[in-house]
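Structure first, then comments.
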Amino acid sequence: MIAIIGAGPIGSYAAYLLVKQGLKVQVYEKNKQIGLPVQCTGIVSSAFSKVISPDKSYVINKISKTRIYAPNNKHVSLNLKPNLIIDRTKFDRFLTKKAKQAGAEFYLNSKFIEYNGKHAIIEQNNTTKKISPDILIGADGPNSQVNKTCIKNKPMFFVGAQARVYLENDNAVEFYPGVGDFAWVVPETNKIARIGLVTRKNANLKEFLSKRVGKNYKSKVIDYQGGLIPLYNQKNKTAHNNVYLVGDAAGMVKATTAGGIIQGLIGAKALTESIIENKDYEKLWRKKLHKDLKTSLIIRKMLDQFSDKDYNDLIRLFNKKSFKKVLQENDRDNALSLIINLGLASLKHPSAFKFAKFIRFG
Ligand SMILES: Cc1cc2nc3c(=O)[nH]c(=O)nc-3n(C[C@H](O)[C@H](O)[C@H](O)COP(=O)(O)OP(=O)(O)OC[C@H]3O[C@@H](n4cnc5c(N)ncnc54)[C@H](O)[C@@H]3O)c2cc1C
């Protein structure tokens with residue numbers, strides 16, 4: 001039996017893939033309901049549909065325009081390959097339903113406590129249950145208890161905070177790379193937007209809401225959401241004996257945009273392949289994801305050194321035709337190809353070379 005800890009999107013998707021291969025799968029989720037509380041903006045690039053076929057039951061918006069703002073409020077407008085906005089509660093439940101229909105067993109209100117290599121302890125209500133899985137999968141998110149008790153990486157985090165607010169909008173995503181680590185406005189409908197930021201310091205969402213929505217923003221807030229986002233670290237282990245980590249628990253998140261849904265789904269596919277075909281999981285998922293996760297980290301370290309003036313200069317540069325073309329044609333989930341093409345576009349604009357000094361590979 002395979003025990004998966006966590007019925008987030010990645011745990012449920014892994015359960016679906018594994019059970020379809022004829023394996024017995026049990027999923028243990030500490031919350032009483034799937035998909036709540038929401039701790040996500042739910043924007044995914046066009047790369048999503050290359051991983052799984054999107055379903056209209058959870059896709060609530062499609063967006064083909066973005067504006068990236070500099071601290072001086074100048075911006076670059078770009079057309080995008082359609083990005084999808086997903087309802088995370090519906091998406092998580094969609095994947096759980098698929099896994100259940102395929103034969104996976106789900107146990108809610110069931111919190112994983114520890115594993116000694118033979119038995120895992122699960123706390124259900126006020127009782128404890130002992131299970132003896134052949135394989136244990138930690139899909140239990142950024143603060144993974146499976147990691148803490150079995151693998152023992154020491155992850156670093158961003159803090160993400162967002163509010164859903166009433167805001168008339170033109171269905172364009174806005175990015176503010178100079179606010180916190182970065183901030184965003186993601187339209188849910190033309191009257192409601194998800195506005196948030198991530199930072200490694202104290203998130204000051206209220207200041208951003210006040211700036212973007214207005215001083216009376218409080219009367220427009222529907223609800224607040226937030227959570228931790230792990231920073232990718234190639235040195236962290238994601239497998240030990242019969243224990244595996246996947247999704248946020250494994251740090252499969254881009255340091256540029258904090259996106260982890262597509263990466264986690266790809267990780268779940270790699271995990272299934274490694275279990276079924278007896279392949280090295282670490283090697284397999286890193287082959288698919290490491291280049292782009294590492295490039296995202298290099299870009300993040302570069303942006304960490306930027307002053308407001310550097311961001312202003314960057315946005316001015318991005319308005320040049322050759323840069324706009326690269327930004328519009330390259331998906332942000334293919335960070336390596338994006339950065340290589342931006343590098344090539346720089347050859348036509350020597351002023352871009354000032355940014356080379358910020359590159360750190362370590
Ligand atoms: C504010 C914010 C905005 C974000 N926006 C985006 C975005 O727009 N696009 C994007 O791609 N990504 C985004 N992310 C990241 C995205 O939410 C994650 O990458 C994604 O949820 C990872 O899925 P997961 O299944 O690995 O983990 P999770 O979604 O965290 O699911 C883990 C599950 O494990 C359960 N669990 C935890 N501990 C235990 C335990 N001990 N026992 C049993 N169950 C347990 C949890 O209750 C949870 O249900 C955002 C994150 C934040 C915080």
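Residue numbers count from 1 along this sequence. Order of listing sets the numbers, starting from 1, for every ligand and every atom in it.
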Nearest-option assignment for [atom], heavy atoms, candidates [options]:
atom: atom 38 (N) of ligand 1; options: Asp140, Leu265, Leu84, Asn31; value: Asp140
atom: atom 27 (O) of ligand 1; options: Gly141, Gly226, Ser45, Ser110; value: Gly141
atom: atom 51 (C) of ligand 1; options: Gln33, Lys254, Gln39; value: Gln39

Among all protein non-hydrogen atoms, which one is nearest to [atom], and what is the separation to 0.1 Å?
atom: atom 21 (O) of ligand 1; value: Arg88 NH1, 2.8 Å
atom: atom 19 (O) of ligand 1; value: Asp248 OD1, 2.6 Å
atom: atom 31 (O) of ligand 1; value: Gly8 CA, 3.5 Å
atom: atom 34 (O) of ligand 1; value: Gly6 CA, 3.2 Å

Is the shortest side-chain N to carboxylate O distance from [X] to [Y] below 4.0 Å?
X: Lys111; Y: Glu123; result: no
X: Asp181; Y: Arg200; result: yes
X: Glu282; Y: Lys237; result: no
X: Arg67; Y: Asp170; result: yes

- Is the gap between the ring centers of Phe106 and Tyr28 under 6.0 Å?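 Centroid distance Phe106-Tyr28: not below 6.0 Å, so no.
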
- Message: Counting only heavy atoms closer than 4.0 Å, does ligand 1 sit against the backbone of Ile261, its side chain, both, or neither?
- Response: both

- Query: Backbone, side chain, both or neither: what part of Ala258 comes under 4.0 angstrom of ligand 1, heavy atoms only?
  - Reply: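 The part of Ala258 near ligand 1 is the backbone, not the side chain.
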
- Item | Ile43, any N or O under 3.5 Å of ligand 1 N or O | yes

